[in-house]
Amino acid sequence: MAGLRRLEVWRMRELINYAEALHLQSQLVERRRRGGADVLLSLQHPPTFTVGKRRTVHNMLASPQELHAIGAELHMTERGGDITYHGPGQPVLYPILGLREMRVGVRAYVEGLEDVMVEVCKMHGVDARGRMEKETGVWVQGLRKIGAIGVRVSSGSITSHGLAFNVDPNLAHFDHIVPCGIRDKEVTSLRKEVSPVVPDVEEVTEQLIQCLAKQFGFAAVVDMEPPSFS
Amino acid sequence: MALRSAAAQAATLLRLSGRPAVTQSLWVPLARRSISTTQFASDEVREGLHYAESHEWVKVEGDIGTIGVTDHAQMLLGELVFVELPDTGTSVTGAEKFGSVESVKAVSDIYSPISGEVVEINSTLSDSPETINSSPYDEGWLIKVKLSDKSQLKKLMDNKNYSELLTAEAAH
């Protein structure tokens, strides 16, 4: 299959704890570094707040007790970007791709991730944009953030972390942070934008996956059977 | 507990390195890649520097190497908002990560072209990381290293070879 670019898609059926997802990503990055496949991890996290490399913890407004009360964890990460929230109803995609082989630079990659979310919004009649200067992510009317990006490039040119798209998460959880360090704008979700229609999280997740594969020119999308658990 | 086991079992799957369980191949039409192309014609490549494939440069004066990222690198990265550099006195190793930069919500590792001891770092970058974008070969230098092994320079490229690399990378 020389020349045919192949993307392995791993759909995790259950909520994945953030630390476990980090561990899995580091293994997939190492596998990629040794010549393994480009992989797309598709999953959702239990309520989790994460902070990027710049350690902007000052944007966490809740005390450890408050976080504990809502059952949320806080993680420090090595990705770019500020503080954000992940939770059920928010599909998260972690592409583990070799940018050098793809001839894609970091900025172009991040713009591609924006375009994936913009495209999916469009499919639901929501006019969203990326390319907001200094405010990477996907915005509705430039005021309400619907999709977030935070990426790491390591081991040469291999990506990890990725994007998070608000289909129907608990938006109240975003009140515990200054999301992405931006005070004067809102966080929104697809559900809020297309109300009274209730979007199906699984369906939108599939759309994100297919749009990402197309965006980065993958000709063959191979579904990996996720491990089964008894 | 289901929460823990899902990813842990997936990680085990990697260690076992079995064949992928292909349940269904979805053939996405080979899409025309809508990837932004970089302006190679305007990439500056300076004479007198040594270049690494990972787009760092080193300028050697006596025992001291000044290291930075190339014009091509800063263009691939986008506007930088954060730079992480090692402390003076730490050692760096050729072809290994010595720091990182952040741009457009992406943290990228940077690799040292040579090995040695860090003798100076560019502290202006903590307030103005975008200097790397505007002046990658001059004001945007990253660290100065006392070289421990000058023979490593032979493994690096000169400006002509690096320019050829950029041309080759541009050809899809």
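Chain naming here is simple, since letters A, B, ... match the order of the sequence lines and numbering starts at 1 in each. All values derive from a computational prediction rather than experimental measurement.
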Enquirer: Can you name the closest pair of heavy atoms from A:Pro95 and A:Leu113 and give their distance?
Expert: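 Closest approach of A:Pro95 to A:Leu113: CG-CD2, 4.2 Å.
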
Enquirer: Below 4.5 Å, heavy-atom pairs only: which of A:Ser154, A:Ala37, A:Ser157 has the largest tally toward chain B?
Expert: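 Ranked by contacts with chain B, first place is A:Ser154.
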
Enquirer: Sort A:Thr159 into side chain, backbone, both or neither according to what part of it lies under 4.5 angstrom from a heavy atom of chain B.
Expert: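 Contact with chain B is absent: no heavy atom of A:Thr159 under 4.5 Å.
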
Enquirer: What residues of residues 46-65 of chain B sit under 4.5 Å from chain A when you count only heavy atoms?
Expert: B:Glu53, B:Ser54

Enquirer: Check A:Arg144 with A:Glu186, please: is the shortest side-chain N to carboxylate O separation under 4.0 Å?
Expert: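 Salt bridge flag = no for A:Arg144 with A:Glu186.
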
Enquirer: Taking only heavy atoms into account, what residues of residues 106-129 of chain B are found under 4.5 Å from chain A?
Expert: B:Ala106, B:Val107, B:Ser108, B:Asp109, B:Tyr111

Enquirer: Name the region of A:Arg79, side chain, backbone, both or neither, that has any atom closer than 4.5 Å to a heavy atom of chain B.
Expert: backbone

Enquirer: Give me the atom names and distance for the closest heavy-atom approach of A:Val178 to A:Arg183.
Expert: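 What the structure gives for the nearest pair is CG1-CG, 3.6 Å.
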
Enquirer: Would you call A:Glu135 and A:Lys145 a salt bridge, taking side-chain N to carboxylate O under 4.0 Å as the test?
Expert: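 Salt bridge: no.
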
Enquirer: Does any donor atom in the side chain of A:His75 or A:Glu73 lie under 3.5 Å from an acceptor atom in the other side chain?
Expert: yes

Enquirer: Can you list the residues of residues 78-99 of chain B that sit under 4.5 Å from chain A, counting heavy atoms only?
Expert: B:Gly78, B:Glu79, B:Val81, B:Phe82, B:Glu84, B:Lys97

Enquirer: Students often mix this up, so state it plainly: with edges at 30° and 60°, are the rings of A:Tyr18 and A:His161 parallel, tilted or perpendicular?
Expert: tilted

Enquirer: Please determine whether side-chain contact (heavy atoms from CB on, under 4.5 Å) holds for the pair A:Thr84 and A:Asp82, giving the CA-CA distance in whole Å, both sets of side-chain angles, and the decisive distance to 0.1 Å.
Expert: CA-CA 7 Å; A:Thr84 197; A:Asp82 206 294; over 6 Å; no

Enquirer: After noting the C-alpha distance and the side-chain angles of A:Glu114 and A:Arg131, does the key distance pass the salt bridge (Lys or Arg N to Asp or Glu O under 4.0 Å) rule?
Expert: CA-CA 8 Å; A:Glu114 285 182 334; A:Arg131 312 289 192 279; 3.1 Å; yes

Enquirer: Work out which heavy atom in A:Ile16 is nearest to a heavy atom in A:His45; give both atom names and the distance.
Expert: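 Scanning both residues, the minimum pair turns out to be O-ND1, 2.7 Å.
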
Enquirer: Which atom names give the shortest non-hydrogen contact between A:Leu41 and A:Leu24, and what distance separates them?
Expert: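 Nearest pair, atom of A:Leu41 first, then A:Leu24: CD2-CD2, 3.8 Å.
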
Enquirer: Which region of A:Glu78, side chain (C-beta onward) or backbone (N, CA, C, O), has a non-hydrogen atom less than 4.5 Å from a non-hydrogen atom of chain B, or is it both or neither?
Expert: backbone

Enquirer: Donor-acceptor pair, A:Arg5 side chain versus A:Phe216 backbone, under 3.5 Å?
Expert: yes

Enquirer: With salt bridge (charged side-chain N to carboxylate O under 4.0 Å, His left out) as the rule and sequence neighbours excluded, what pairs involving residues 38-47 of chain A come up?
Expert: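 Only A:Arg32-A:Asp38 qualify under salt bridge (charged side-chain N to carboxylate O under 4.0 Å, His left out).
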
Enquirer: Salt-bridge test for B:Lys160 and B:Glu164: reply yes if a basic N is under 4.0 Å from a carboxylate O, no otherwise.
Expert: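 Salt bridge between B:Lys160 and B:Glu164, a charged N being under 4.0 Å from a carboxylate O: no.
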
Enquirer: Who wins among A:Leu7, A:Leu43, A:Val110 for the most heavy-atom pairs under 4.5 Å with chain B?
Expert: A:Val110

Enquirer: State, without any angle test, whether A:Glu8 and A:Trp10 hold a side-chain donor-acceptor pair at a distance under 3.5 Å.
Expert: yes

Enquirer: Among side-chain atoms of B:Thr70 and B:Tyr162, is any donor-acceptor pair under 3.5 angstrom?
Expert: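 There is such a pair between these side chains.
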
